[in-house]
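Below is one structure; the comments refer to it alone.
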Number of protein chains: 2
Amino acid sequence: MKTPANAACASSVTAASNSGEGVVEKKMINSELWHACAGPLVNLPAAGTHVVYFPQGHSEQVAASMKKDVDGQIPNYPNLPSKLLCLLHNVTLHADPETDEVYAQMTLLPVLSNMHCALRVLSNQTKLLEFDKDALLRSDIGLKSNKPQTEFFCKTLTASDTSTHGGFSVPRRAAEKIFPPLDFSMQPPAQELVARDLHDNVWTFRHIYRGQPKRHLLTTGWSLFVSGKRLFAGDSVLFIRDEKQQLLLGIRRANRQPTNLSSSVLSSDSMHIGILAAAAHAAANNSPFTVFYNPRASPSEFVVPLAKYYKAVYSNQISLGMRFRMMFETEESGTRRYMGTITGISDLDPVRWNNSQWRNLQVGWDESTAGERRNRVSIWEIEPVTAPFFLCPPPFFRSKHPRQPGMPGTRCAI
Amino acid sequence: MKTPANAACASSVTAASNSGEGVVEKKMINSELWHACAGPLVNLPAAGTHVVYFPQGHSEQVAASMKKDVDGQIPNYPNLPSKLLCLLHNVTLHADPETDEVYAQMTLLPVLSNMHCALRVLSNQTKLLEFDKDALLRSDIGLKSNKPQTEFFCKTLTASDTSTHGGFSVPRRAAEKIFPPLDFSMQPPAQELVARDLHDNVWTFRHIYRGQPKRHLLTTGWSLFVSGKRLFAGDSVLFIRDEKQQLLLGIRRANRQPTNLSSSVLSSDSMHIGILAAAAHAAANNSPFTVFYNPRASPSEFVVPLAKYYKAVYSNQISLGMRFRMMFETEESGTRRYMGTITGISDLDPVRWNNSQWRNLQVGWDESTAGERRNRVSIWEIEPVTAPFFLCPPPFFRSKHPRQPGMPGTRCAI
DNA sequence: TTGTAGGCGAGTCGCCGACAA
DNA sequence: TTGTCGGCGACTCGCCTACAA
């Protein structure tokens, strides 16, 4: 196998019994690192739980990663409802070996043949079938529950960081929080850092504390990392330290146009039809089907935990003019809430996906300056601000975990 | 847009009215260059003609480009026959902007609702529906007909060609045939070459004739090309000169494992189902559908000109033990024929694709040394050697164009 | 606290024949 | 005829500090 010359990059997982060429080695992706790369808002449902699958949202993700709108030629699948109640049989984390893009593979098993009706019944609270309604309401929605908020930092690369002229300037706090402490009796203090990426490749850097004024720098090894990962100014790099005190690092690319070309393999239409047909076939036969969820390709969370969906539909009384808050990701991988108002309730695609609830809320945002926020959201994405009773934030959505310091979220404006 | 530093690469097609970001600029791919990159055996059917589409072969191509076998979970589409007679509405040439992989986009319009029956009738010669049987038989199969065999050369890159230590050693014949003549009064004779690739990017090279003994070399600019295209020893580069005396260049990568990762967008199953469902939907509605044909990803020519198909089925009396010849591509982009024997006739997949004719001939080859030739072919791929009448080659398949010099094909062994 | 730039050394790139296959 | 190598410039890479934002 040919690889570009890259001396500092070596796989630490050596296939003990590499029996044949066709065998794709199964690597276990580090979950913490995967989530760090995916961002603070991404929360995968757990295997073994029930989820609601939205083919419409799935189709949206494919359209986004191909940068091509559905052109309306996609046929209807009369037997495919707009949502499918499924048992999430399996979740596997992946990362593209070329781009390091993170994605998850989920195996879904439809549990009822006519889910559209079932879910309507469910949302009307008349009957919950085999599910325990109270249990669903009691259950933790699990915001951040599987992210023990390990030591973590993320920096957007500057022009200097990515130029061939020098190394990487480490933010002071980051170096002190994440890196092993330097021996300050040395002149200058320096050490060798060893970090692994999502593919378990090892990258080594010289970490040195020098300059006037003093600062932390990564020098030797850094440029190999930049060229190896094809990083540019605006992309981000992140370091975390896992429970074994091992250093892990990942990247997040700036929003560039979908790299996924126009796909020379399959036509856009075939892809969209494939999604629908695969789901329809699985639903008709009660057989499992597989989807890929690509959290950074589009904000299309098309596999929603049943508890989250049900709580939102059960609890939130939606009305025109209603105020709500919603989480967004900040530049430096934090979260903050923005306030908005519901300006309309309508199907996104009334013809093909009637009454689907997928992004059926039209919204306006208080701070228009930030500009590019979505003008359509789904009910389970928002936290209603119930007027006139002032709940901030609603106890329902209060996370069990301490709020990020410095986050302006605790101040609520009406 | 970010691009790796690559000074010698610049697009010459400037969008005259680049109205907006989402607009994908339509570039006209040079047909000669595309065919040179695709190889001597690739011959696309012409737009406006009738073709036979094999969903089974299409599925095979997808499996090959994903390096994953169909796992048998793909449902049957009872309404989708194993072959579909279509009008080829449109053919567009493309090249992957990242890898330069060539592929063709075809829009197919099914012309009969129950093609399986129709084609069976057709092959039984009882009725030809609206087609003129004699016209089909008379028509030129068109081997190489759209390739006016322009000045062309192709070289597999050596370790020296791709190392950073030096430039590119140009085969003497190639330089004399393709490049503009040097001014040999100079000491040493040298010139600047300008060549365009499939994307109309301009590459410039210093072409110099020096050394002892004298030889043609490309020096300055060459290493940028190698790194820009990510070429390695074993890959090939080819130059052609078009009718306007302009120099064009392309690449052909060595057979490496399918770069198309495991596709983080769509599951393998969804892709296969998508192919079938798209074709089935198009056939049921008499609406067009789109396929991508990727000639170098797999030898799966799943869109066959009707005339070619019909001639093969009508003319070739297939029997066990029958001798035949078949064209293969040689290392240096030439062609040669290999002899073989039919050892079996059976469906490749009797369950899902019964009686499909797709690669239903099991074959053995005379020269087993070359090893990795396919053990299953379709009837329209072979030239029968009718015994005891010795035809060499059968006049039926004799190309109108002069055979390549130095090709050993005219000598026939029984 | 940290982004950028000038200064410079060491190392690679890349142009040149020689030589042999 | 052409693939590889030793020789050797020249130039980029990359480590350092200075200086400002």
Side-chain angles (χ1 to χ4, degrees), chain A residues 4-8 153-177 186-192 204-228 231-234 236-237 331-332, chain B residues 4-8 153-177 187-192 204-228 231-234 236-237 331-332 406:
Chain A
N6 194 339
F153 89 85
C154 175
K155 183 195 177 188
T156 300
L157 298 178
T158 66
S160 297
D161 290 330
T162 53
S163 87
T164 59
H165 190 60
F168 174 65
S169 185
V170 187
R172 180 187 194 82
R173 296 208 171 190
E176 291 171 350
K177 189 168 66 173
M186 300 168 69
Q187 270 318 317
Q191 66 182 335
E192 183 181 70
T204 61
F205 306 105
R206 178 171 167 83
H207 170 208
I208 191 168
Y209 184 73
R210 61 164 170 75
Q212 198 48 251
K214 295 274 183 266
R215 91 268 315 269
H216 292 270
L217 297 165
L218 298 187
T219 58
T220 309
W222 173 252
S223 71
L224 277 175
F225 179 72
V226 169
S227 59
L231 296 173
F232 300 91
S236 300
V237 63
E331 286 272 331
E332 297 306 314
Chain B
N6 193 338
F153 89 84
C154 175
K155 183 195 176 188
T156 300
L157 298 178
T158 67
S160 297
D161 289 330
T162 52
S163 87
T164 59
H165 189 61
F168 174 66
S169 185
V170 187
R172 180 187 191 81
R173 295 208 171 189
E176 290 171 351
K177 188 168 68 171
Q187 270 318 319
Q191 66 181 334
E192 182 181 70
T204 60
F205 306 104
R206 177 170 168 84
H207 169 209
I208 191 167
Y209 185 73
R210 63 163 169 76
Q212 198 48 253
K214 295 276 184 260
R215 89 271 313 272
H216 291 271
L217 297 164
L218 298 187
T219 58
T220 310
W222 173 252
S223 70
L224 277 175
F225 179 72
V226 169
S227 58
L231 295 173
F232 300 90
S236 300
V237 63
E331 285 272 331
E332 296 304 313

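Proteins come first, then strands; the chains are lettered A, B, ... in the order of their sequence lines, and each starts at number 1. Please read all numbers here as calculations on a predicted model, not as lab measurements. Computation of the quantities below employed the complete heavy-atom set of this structure, encompassing side-chain atoms and omitting hydrogens, waters and symmetry-equivalent molecules.
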CD of Glu192(A) to NE2 of His207(A): how many Å apart, nearest 0.5 Å?
13.0 Å
Between atom CG of Leu217(B) and atom CZ of Phe205(B), what is the distance when rounded to the nearest 0.5 Å?
13.5 Å
Val237(B) versus Trp222(B), closest heavy-atom pair with distance:
CG1-CH2, 4.3 Å
Distance in angstrom units between [X] [atom1] and [N] [atom2], rounded:
| X | N | atom1 | atom2 | answer |
| --- | --- | --- | --- | --- |
| Leu217(B) | dT2(D) | CG | C1' | 10 Å |
| Leu218(A) | dC13(D) | CG | P | 20 Å |
| Tyr209(A) | dC16(D) | OH | P | 15 Å |
| Trp222(A) | dC13(D) | CH2 | P | 17 Å |

Need the bend value for the helix from dT1(C)-dA21(D) to dA21(C)-dT1(D): angle between end axes, 5 pairs each end, nearest 10°.
40°
State whether Thr164(A) places a side-chain N or O below 4.0 Å from either non-bridging phosphate oxygen (OP1 or OP2) of dG14(D).
no
Arg215(A) vs Gly167(A), nearer the 5' end of DNA chain D by closest nucleotide:
Gly167(A)
Given DNA chain D, 5'-ward residue of the pair Arg172(B) and Thr219(A), judged by closest heavy atom:
Arg172(B)
Do Leu231(A) and Phe225(A) come within less than 4.5 Å of each other through their side chains, counting heavy atoms only?
yes
Heavy atoms within less than 4.0 Å of DNA chain D: which residues of residues 154-163 of chain A have one? Give them sorted by number.
none
So the contacted stretch of DNA chain C, first to last nucleotide with an atom under 4.0 Å from a non-hydrogen atom of chain A, runs from dT1(C) to dG7(C)
Sequence neighbours excluded, which residues qualify as side-chain hydrogen bond (donor to acceptor under 3.5 Å, both in side chains) partners of Ser236(B)?
Thr156(B)
Mind checking what makes ring pair (Phe, Tyr, Trp, His ring centres under 6.0 Å) contact with Tyr209(B), not counting sequence neighbours?
Phe184(B), His216(B)
Exercise answer: donor-acceptor pairs, residues 162-169 of chain A side-chain atoms, under 3.5 Å, sequence neighbours excluded:
| unit_1 | atom_1 | unit_2 | atom_2 | d |
| --- | --- | --- | --- | --- |
| Thr162(A) | OG1 | Thr158(A) | O | 3.2 |
| Thr162(A) | OG1 | Ala159(A) | O | 3.3 |
| Ser163(A) | OG | His165(A) | N | 3.0 |

Sugar-phosphate, base or nothing in reach of Pro171(A), heavy atoms under 4.0 Å
sugar-phosphate
